[in-house]
J.: 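Could you have a look at this structure, given as structure tokens, before my questions?
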There are 2 protein chains.
Amino acid sequence: MMPGPKLDRIDLKILAKLQQSGRITNVELADAVGLSPSPCLTRAKRLEKAGYITGYGAYLNLHKLGEFLTIFTEVTLTEHRIGDFSRFESKIRKLDEIVECHLVSGGYDYLLKFMTRGVGHYQEIIEGMLEGDYGIEKYFSYVVIKSPFIKHHYPIQNLFSAKAAEREASDRDISELE
Amino acid sequence: MMPGPKLDRIDLKILAKLQQSGRITNVELADAVGLSPSPCLTRAKRLEKAGYITGYGAYLNLHKLGEFLTIFTEVTLTEHRIGDFSRFESKIRKLDEIVECHLVSGGYDYLLKFMTRGVGHYQEIIEGMLEGDYGIEKYFSYVVIKSPFIKHHYPIQNLFSAKAAEREASDRDISELE
DNA sequence: CAGGGCGCGGCATAAAATGCTGTGCAATCA
DNA sequence: TGATTGCACAGCATTTTATGCCGCGCCCTG
């Protein structure tokens with residue numbers, strides 16, 4: 001999980017490209033980053049093995065599959081001992097409808113993201129959680145009316161510029177990056 | 001955006017498989033869903049064209065690329081006329097570091113997800129937003145300490161069972177689904 | 001029961017993935 | 001400063017995959 005220092009500019013371009021075009025052909029990827037297919041594939045495989053790429057996926061338009069309701073839920077635990085957090089986490093991990101779990105600092109403990117078929121479905125899950133031994137003191141739900149955008153591409157180009165600023169002197173052809 | 005009624009069980013299996021293995025080979029995909037490669041590819045292409053699949057991407061381990069700080073921000077607008085929402089949305093859409101935007105019902109208006117290099121970086125962006133004409137009355141930030149899990153696979157298998165319940169009578173070989 | 005349409009599997013061709021080899025550049029050391 | 005070593009690249013050959021075409025069987029309809 002250490003920040004790996006072994007990535008050069010080409011590696012970052014590969015990651016950025018794959019992030020937004022996961023099913024791109026290696027030939028096209030090689031062309032996009034300015035390499036021939038062979039070393040490009042070698043690098044991509046190395047990035048996968050080294051854990052920089054954790055997987056690939058298709059983005060689905062869930063609303064075409066049926067009614068979907070996204071809900072964010074703030075959760076406060078009753079107790080805050082070491083085991084209380086891990087117990088809560090391992091329990092909710094098993095619930096398919098909870099697709100994100102974040103431990104936050106602030107007015108509550110966890111922020112959860114639910115993907116459900118509707119409020120009834122959500123209510124069923126919540127009731128199961130309250131009856132189960134999750135250690136929940138209270139919760140608050142925010143129903144998503146609409147999601148104007150969800151970007152699947154994280155801004156790693158901002159890492160470029162950050163790193164670039166650090167080693168500005170030794171590296172002068174930044175401009176080709178983007 | 002209408003829920004499309006033209007999907008059979010095989011289509012759903014293709015979607016589910018691609019969702020969790022976006023770079024799978026068509027040959028493997030065909031084998032996984034029980035088709036030969038030709039019709040499998042035809043279906044996959046059709047699902048893409050019909051908009052059920054909106055894209056493909058690689059999932060990156062951002063923490064190996066450098067320090068990243070995720071922050072959820074609750075935003076309340078000063079005014080709530082029709083144009084105020086769209087103006088806010090179009091402005092924040094241009095900020096790379098805001099990767100999700102949700103309009104919610106409840107105590108505030110928007111829930112935003114930031115991916116930043118740190119609190120300083122976040123503060124810069126927030127200050128830019130407050131100085132710009134975004135129409136923000138107030139905001140509250142929740143710094144993510146850790147994210148125990150983020151699932152990239154949405155529970156479309158729950159759609160299976162939902163749909164299955166609806167048309168239980170006319171469709172008896174549900175068991176092969178999973 | 002006959003006709004028509006749709007979707008399947010199989011086959012052939014084009015494209016891509018993948019492994020191997022030789023070469024050039026750069027850093028290292030004498 | 002010049003020789004050596006190592007690394008990463010491009011090019012090529014082979015295997016695998018993608019993709020379009022064709023004929024067959026099933027189901028729906030008349």
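Basis for what follows: all heavy atoms, side chains included, without hydrogens, waters or symmetry-related copies. Convention: sequence-line order gives letters A, B, ...; per-chain numbering from 1.
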J.: Relative to the 5' end of DNA chain D, which residue comes earlier, A:Pro39 or B:Thr25, by the nucleotide with the nearest heavy atom?
T.: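 Comparing both residues, the 5'-ward one is A:Pro39.
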J.: Establish, with yes or no, whether the OP1 or OP2 oxygen of D:dA8 is under 4.0 angstrom from a side-chain nitrogen or oxygen of A:Arg43.
T.: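 No, no such contact exists.
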J.: Counting only heavy atoms not in B:Lys151 (residues, nucleotides, ligands), do more than 12 fall under 6.0 Å from its NZ?
T.: yes
J.: On DNA chain C, reading 5' to 3', which nucleotide is the first and which the last to sit with an atom under 4.0 Å from a heavy atom of chain A, could you check?
T.: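 So the contact region on DNA chain C extends C:dA16 to C:dG19.
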J.: Rounded to the nearest angstrom, tell me the gap between atom CG in A:Asp31 and atom P in D:dC9.
T.: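 Spelled out: CG on A:Asp31 to P on D:dC9 is 15 Å.
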J.: Between B:Asp133 and B:Lys91, does at least one N-O distance fall below 4.0 Å, as a salt bridge requires?
T.: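 Judged by the 4.0 Å cut-off on N to carboxylate O distance, B:Asp133 and B:Lys91 do not form a salt bridge.
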J.: Take atom CG of A:Asp8 and atom P of D:dC7, then tell me their distance rounded to the nearest Å.
T.: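 Those two atoms, CG and P, are 15 Å apart.
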J.: Tell me the interatomic distance from A:Leu41, atom CG, to D:dC9, atom P, rounded to whole angstroms.
T.: 12 Å
J.: Is the shortest distance from a Lys or Arg side-chain nitrogen in B:Arg87 or B:Glu79 to a carboxylate oxygen in the other one below 4.0 Å?
T.: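 Salt bridge absent between B:Arg87 and B:Glu79.
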J.: For A:Ile14 and D:dC9, give me the distance from atom CD1 to atom C1', rounded to whole Å.
T.: 13 Å
J.: Under a 4.0 Å threshold between the charged nitrogen and the carboxylate oxygen, would B:Glu89 count as salt-bridged to A:Lys146?
T.: yes
J.: Do other residues, nucleotides or ligands put more than 12 heavy atoms under 6.0 Å from the CG atom of B:Leu130?
T.: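 Check passes, neighbour count above 12.
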J.: Taking for each residue the nucleotide of DNA chain C bearing the nearest heavy atom, is the 5' side occupied by A:Glu28 or by A:Ser38?
T.: A:Glu28
J.: Starting at CG of A:Leu35 and ending at C1' of D:dC7, how long is that distance when rounded to a whole Å?
T.: 14 Å
J.: Expressed in angstrom and rounded to an integer, what is the separation of A:Ile24 atom CD1 from D:dA18 atom C1'?
T.: 16 Å
J.: Do NZ/NE/NH1/NH2 and the carboxylate oxygens of B:Arg43 and B:Asp8 come within less than 4.0 Å?
T.: yes
